[in-house]
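All heavy atoms count here, side chains included; hydrogens, waters and symmetry mates do not. In what follows, chains are A, B, ... by sequence order, proteins preceding strands, each numbered from 1. Keep in mind that what you see is a predicted model, and the values were worked out from it rather than measured.
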Number of protein chains: 2
Amino acid sequence: MTQEPGLRERKKKQTADRIETAAMDLFEKDGFDATTIDDIATAADISSRTFFHYFPTKEDVVLGDYAARLSRVTESLKEQPVDSPAWTALGVAFAEVANDYEVQHQQLRRRFQIMMTTGSVFARNLQLQAGWEDAVAEALEERMKLGSGDILPRLMAASALGAMRSSVRHWLPTTNQSLPDLVQDCFTQLEAGFKPAL
Amino acid sequence: MTQEPGLRERKKKQTADRIETAAMDLFEKDGFDATTIDDIATAADISSRTFFHYFPTKEDVVLGDYAARLSRVTESLKEQPVDSPAWTALGVAFAEVANDYEVQHQQLRRRFQIMMTTGSVFARNLQLQAGWEDAVAEALEERMKLGSGDILPRLMAASALGAMRSSVRHWLPTTNQSLPDLVQDCFTQLEAGFKPAL
DNA sequence: ATAAAAGATTGCAGAGACTGCAAACATCTG
DNA sequence: CAGATGTTTGCAGTCTCTGCAATCTTTTAT
């Protein structure tokens, strides 16, 4: 099943990494907007055309992997016992993600720093999160066996993502509390609002 | 105080309107992405350079006025009696906006239609909403007399905006329920989660 | 009424992100 | 080793958006 990746795969990953590190270094050195695709391509030793075979936009270099990470929420959600309340299950799923964030906080802080100070990157991030909201809302709808006419799944998904975003924002500058704790606090705060919902 | 606007002001407003209607017509006819600034400029009888004196980006033509509308939330929030709970006050403020939306739903539907089907416009919208979230969170913080170390104002702001967004999404395709009702439902749903907070 | 100030419009040149295409190149498969 | 398949590259081109300087319009002060 899991074949050892061939030369082609290895090279590809290697190039992707080279682009990413080169780009991040330049972003931090010169700023996101002042760094051009050409700059990145030169630093990563590829042609500028090739850049777009690896990343759809410049913004995605900053968000790339951390975007994929949140998509785990839906998987985790499906693994939760069906008899636990939806909001609780959501809380567990997000706690896992928060843990990932906490573990890799060194790399994430660099990315967040750029994201929070660059409008286009921030916007792209929100756009990706909106996609996750859709996915989470859909998963919740299925889980709660509700028709698509009910607003509750979407509201829950939006609240959960909002809790996550709020937590990250407070987590970033301070480091007083751990991210999982913050997320947990937000979820328990909102819990009463979703009490009656299975 | 309120001087009758001079010729200059009148012309400016007139040009802005011309750009907006021309652009919206083209967006609906050919699609947002397929419409170029040049197309809009030609249709509105201006030079393409002038377009950017009126709108910072193509996306803002779709979002323009309705963006400003939500900024009313903070004002409305300040007018609420200080002894009413924060979440209740927020609910009233958003209800006013929802009413505006409902009244002008014909124009808004056109804009939402384009927004929901065009990634860049949707992203821009989320970016603007993030700005409102900041403003609302700040206003709440002041109202609740909390230090800036507390996460609650931000969580409330995020939840409120989330409720608004969720409501709009359900309101758009159906028309079964009025937007203010939907918003009200979401706010009462979440109310229990913010009960203990003044 | 007229001249000066202030503001708006325009064209031009240019940077920069991103796309499609076709040729060259590398890797994999049999 | 040859053919299939995937990757890189250069090139030409489109489009958004910016700065600048010239021109034209409206306002204001004389």
The residue, A:Lys12 or B:Glu9, whose nearest nucleotide of DNA chain D is more 5′ is A:Lys12
Modelled atom types, side-chain donor and acceptor of [X] and [Y], under 3.5 Å:
X	Y	result
B:Asp60	B:Thr57	yes
A:Thr42	A:Asp39	no
A:Ser120	A:Glu59	yes

Under the side-chain hydrogen bond (donor to acceptor under 3.5 Å, both in side chains) rule, collect the residues that match up with A:Arg69, sequence neighbours excluded. A:Asp65, A:Gln104
side-chain contact (heavy atoms from CB on, under 4.5 Å) partner of B:Phe51, the single match among B:Asp38, B:Val61, B:Thr15: B:Val61
What does the list of N/O pairs under 3.5 Å between the protein and nucleotides 23-26 of chain C look like, with a distance for each?
none

Hey, are the side chains of A:Leu140 and A:Leu152 touching, using non-hydrogen atoms and a 4.5 Å cut-off? no
Heavy atoms, side chains only, cut-off 4.5 Å: are B:Arg49 and B:Phe52 in contact? yes
Please find the earliest and latest nucleotides of DNA chain D, in the 5' to 3' direction, that have an atom within less than 4.0 Å of any heavy atom of chain B. D:dC15 to D:dT27
Using a cut-off of strictly less than 4.0 Å between a heavy atom of the residue and any atom of DNA chain C, enumerate the qualifying residues of residues 113-129 of chain B by number. none
Select base, sugar-phosphate, or nothing to describe what A:Tyr54 touches, counting heavy atoms under 4.0 Å on all strands. sugar-phosphate
Is it true that A:Asp25 and A:Arg110 make a salt bridge, defined as a side-chain N closer than 4.0 Å to a carboxylate O? yes
Are B:Lys145 and B:Asp150 close enough for a salt bridge, meaning some N to O gap below 4.0 Å? no
Look at atom CD of A:Glu142 and say whether more than 12 heavy atoms of other residues, nucleotides or ligands are closer to it than 6.0 Å. no
Polar-atom pairs under 3.5 Å, protein N or O versus N or O of nucleotides 17-19 of chain C: list them with distances, or write none.
unit_1 : atom_1 : unit_2  : atom_2 : d
C:dA17 : OP1    : A:Lys58 : NZ     : 3.1
C:dA17 : OP2    : A:Ile37 : N      : 3.2
C:dC18 : OP2    : A:Lys58 : N      : 3.0

Under the side-chain contact (heavy atoms from CB on, under 4.5 Å) rule, what do B:Arg111 and B:Phe27 come out as? Steps first, then yes or no, please. CA-CA 10 Å; B:Arg111 293 165 189 277; B:Phe27 291 161; over 6 Å; no
Once the angle between the rings of B:Phe94 and B:Phe187 is folded into 0 to 90°, is it parallel (under 30°), tilted (30 to 60°) or perpendicular (over 60°)? tilted
Residue pairs, two or more places apart or on separate chains, that pass salt bridge (Lys or Arg N to Asp or Glu O under 4.0 Å) and touch residues 159-178 of chain B: A:Glu133-B:Arg165, A:Asp134-B:Arg169
